Structure formats: C-alpha cells, structure tokens
There are 2 protein chains.
Amino acid sequence: MAEPIDFYFDFSSPYGYFASRRIDELAARHGRGVEWRPILLGLVFERTGGQPLPAVPLKGDYARRDMLRSARYLGLPFVFPEKFPFGSTAAVRCYYWLRDGDAARARDYARAVYAACFGRGEDISAPDTAIALAARAGADEAALRVALTEPSVKERPRVETTAAIERGVFGSPYFIIDGEPFWGHDRLDQMERWLSSGPY
Amino acid sequence: MAEPIDFYFDFSSPYGYFASRRIDELAARHGRGVEWRPILLGLVFERTGGQPLPAVPLKGDYARRDMLRSARYLGLPFVFPEKFPFGSTAAVRCYYWLRDGDAARARDYARAVYAACFGRGEDISAPDTAIALAARAGADEAALRVALTEPSVKERPRVETTAAIERGVFGSPYFIIDGEPFWGHDRLDQMERWLSSGPY
C-alpha cells in the first residue's frame, strides 16, 4: 500500500477544519490513508515571523469573510467561536496520547474537536473541555488525566511542531504526499490530480 | 449590462499572471467585462507589513515550488525571471497612460507584459523595456516618452495603489465583484459560482 498522506493542521485553523472534512475521502479514492498531525501554529510563527490571520491589516478582515463564504461554498457547518484564534495545546496533547494507542480513535477525537470549535463555535481551549471530548470519543478519562501531568505528554505538541517545521510546514492545512508539499485547503484539486495521474 | 469585475494585480506576481490568463473568459461566460488594475504590492506592504513571498522563511521556498506546479497544473507557459520579485513601476505607468486612451490596447499591453516576464522569464523592469512593449502594442512611443516625464503619470501607480488599499486590496490577484472581494487565483471557482448562481 502507498504511503499515507501527511495532514498537518492547527485546531484553531478554519481552513484546516475545511480540509479535515474532505481529505480522508479524497485519499481513499486513490487508495491512500491519511496521517492526521495537529500542530501549534503559534510555535511555527515564532520561527517564520508569521501572525494569526485576524491580526494582519486588511487581510484579517478579508480572511474572516473568506472563511464564512468558503464554508457556504463547500456546504459545511461553520460557526465562528467568540474567541478566535484560540489555544489548542490541551487538545493536541490529548490527540497524540490517543494516537499512540489507537489511530482511529485519535482521528475521531480530532473530528470531534473540529466539530465543537468550528461546527458549533464552542470554546475548546480549556483542558477540561479537551478531556471531556476525549472521554466522549472513548478515552479512559482517569488515565488521560494522569498522562497529562507527564512531561513527555506536555512537551509533545512542541516536539511534533518542531518536527513539522523541519519538514517545511509553515501553515494550516499543509499536506505532504510522497515528499511533495501542498499548502491550503484550496490545493485539494492539485492533490487530486497528483494522486490520480502521478507527479506533474 | 452588469458592472465589470475589478481585477487588481501586480505585474511581479505569478499568481496574478495565472489569473490574467483566465479571468476574461470566466467573466465573459457570465456577461461581464473586466477592469484590469495593475498596482504596486510594495506600496501595499508598506501599509500591511507584508513581505514579498520569497523573503518569508519556509513559505518562500514553498511558494516557488507551488508557482511552478500551479503553472503546470493550469497548462500555462511559465519561466521564472532571474530577478524576482522585480520592479514594475514603469509598466504600471505605461498601462494607465494607455488605459486613459484605449482600454483594449491597455489590456493587450498588460497581457504582453505578463507574457514577457512570466511566459518567457524576461526582465521587464527597465523603463525602456516597458516602453518597447507598449510600442509593440500600438502606443505612440514618442508621446509615451513625453508623458512619462509628467508628474501625474509618474504618480499614477501610487494613486491607483492607494485607491486599491482603500477598497481593502492587500494582495495579487484580488477581485471585486459587485462589492464582494476574492483574493487569489485559487478563488476563481468561488467567483464562478458567485457569478452563475448569485451571492451565497
């Protein structure tokens, strides 16, 4: 079987959310799996000098409008959380803890997080919220609470983000297919051609 | 007849070039004209704190790859000029001088400039080059050379760019359809739907 597609995203990224709703089906059409890899764009921006979109003059206003319109264009439920962008460190920690045990459950969890923060506009930044969503996805809540006190679990978001930066990741969503990088939910069409006809 | 689509672009923008090869046909399918409006992104970035893509860590490397791949994906001739990004003030001055007399000729000129710098990778930054391209597009070269010494012609790129910023323009290509803004050649699909089905 061909290598899975690497799917890097930030839980606080609406464009990552849009991509998350489409990438598995796209990959499956071409016999591919998808490795979901949440990261923290805040750490990426420390390296690249980037800023969250809402903070950029002119572009910030446009981005908000574009996100709402893109959701309507794609037919996806989308509600802006009051606090945006928001922290997602707790959710990323829970994700990788789940991922080490069960990839399918971790993916269900990631989907549940995105459904909460952008499908319904809820605040998912608090650790208790991130944990409650994990419990609902089938996690052992007591074990998770213990794990979240361990240094390796706490450091995991930084470790994963640093590894992503090493591979060139600078935004969300960001995909790598057999070494070829694609940035943005608006590159899914190019990815589709890449997967169906091979490199071009 | 419906209002024309405003098409803002920088001659030094590959994504603007890609859009320039597709926008007139897209607009015509929906009974629209297109008002081509070259601007200087350098002046925009003074206001927004933006940077030319090649200067941004990680993103710059990706952008170069994405531009080449996008050209292949779209089936467009594309050669990277050795100097990139490059100045296009002279070309913008020539464009608006032509535009004041003959919109069709000005558009032919803009197409010729893009064909030179990205279709063939030529350096179009020198005034003599910009003027030679205008002459080939049918401009009165002697009259153009005189005009280019006039303050109003010299200031025109700044005037047009300032007016664009007032309308929210922060990148290239940037389109406005009946007040609705679309940024990027990868929004042509959303524009197509907007034009065919109305606002969504």
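Small disclaimer: the values here were computed from a predicted structure and weren't measured.
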Please check if atom [atom1] in [X] has more than 12 non-hydrogen atoms from other residues, nucleotides or ligands closer than 6.0 Å.
{"X": "Arg64(A)", "atom1": "CZ", "result": "no"}
{"X": "Trp194(A)", "atom1": "CH2", "result": "yes"}
{"X": "Glu166(B)", "atom1": "CD", "result": "yes"}
{"X": "Trp36(A)", "atom1": "CH2", "result": "yes"}

Which atoms form the tightest heavy-atom contact between [X] and [Y], and what is the distance?
{"X": "Ser70(B)", "Y": "Gln190(A)", "value": "OG-NE2, 3.0 Å"}
{"X": "Lys59(A)", "Y": "Phe170(B)", "value": "CG-CE1, 3.4 Å"}
{"X": "Val169(B)", "Y": "Leu58(A)", "value": "O-CD1, 3.5 Å"}

Is Arg187(A) positioned over the aromatic face of Tyr73(B), cation under 6.0 angstrom from the ring centre and no more than 45 degrees off axis?
no

Using the rule that two of Ile, Leu, Val, Met, Phe, Trp, Tyr join whenever any of their side-chain heavy atoms come within less than 4.5 Å, decide whether [X] and [Y] are in one cluster.
{"X": "Leu76(B)", "Y": "Val79(B)", "value": "no"}
{"X": "Tyr109(A)", "Y": "Val146(A)", "value": "no"}
{"X": "Phe182(A)", "Y": "Leu74(B)", "value": "yes"}

Could you have a look at Gly49(A), Gly171(A), Pro181(A) and say which one has the most heavy-atom pairs with chain B under 4.5 angstrom?
Pro181(A)

Can you say whether [X] sits under 4.5 Å from chain A via the side chain, the backbone, both, or neither, judging by heavy atoms?
{"X": "Arg69(B)", "result": "both"}
{"X": "Val44(B)", "result": "neither"}
{"X": "Glu180(B)", "result": "both"}

Parallel, tilted or perpendicular for Tyr62(A) and Tyr174(B), by the 30°/60° rule?
tilted

Max heavy-atom pairs within cutoff under 4.5 Å with chain A, candidates Val56(B), Asp61(B), Asp189(B), Ile165(B), goes to Asp189(B)

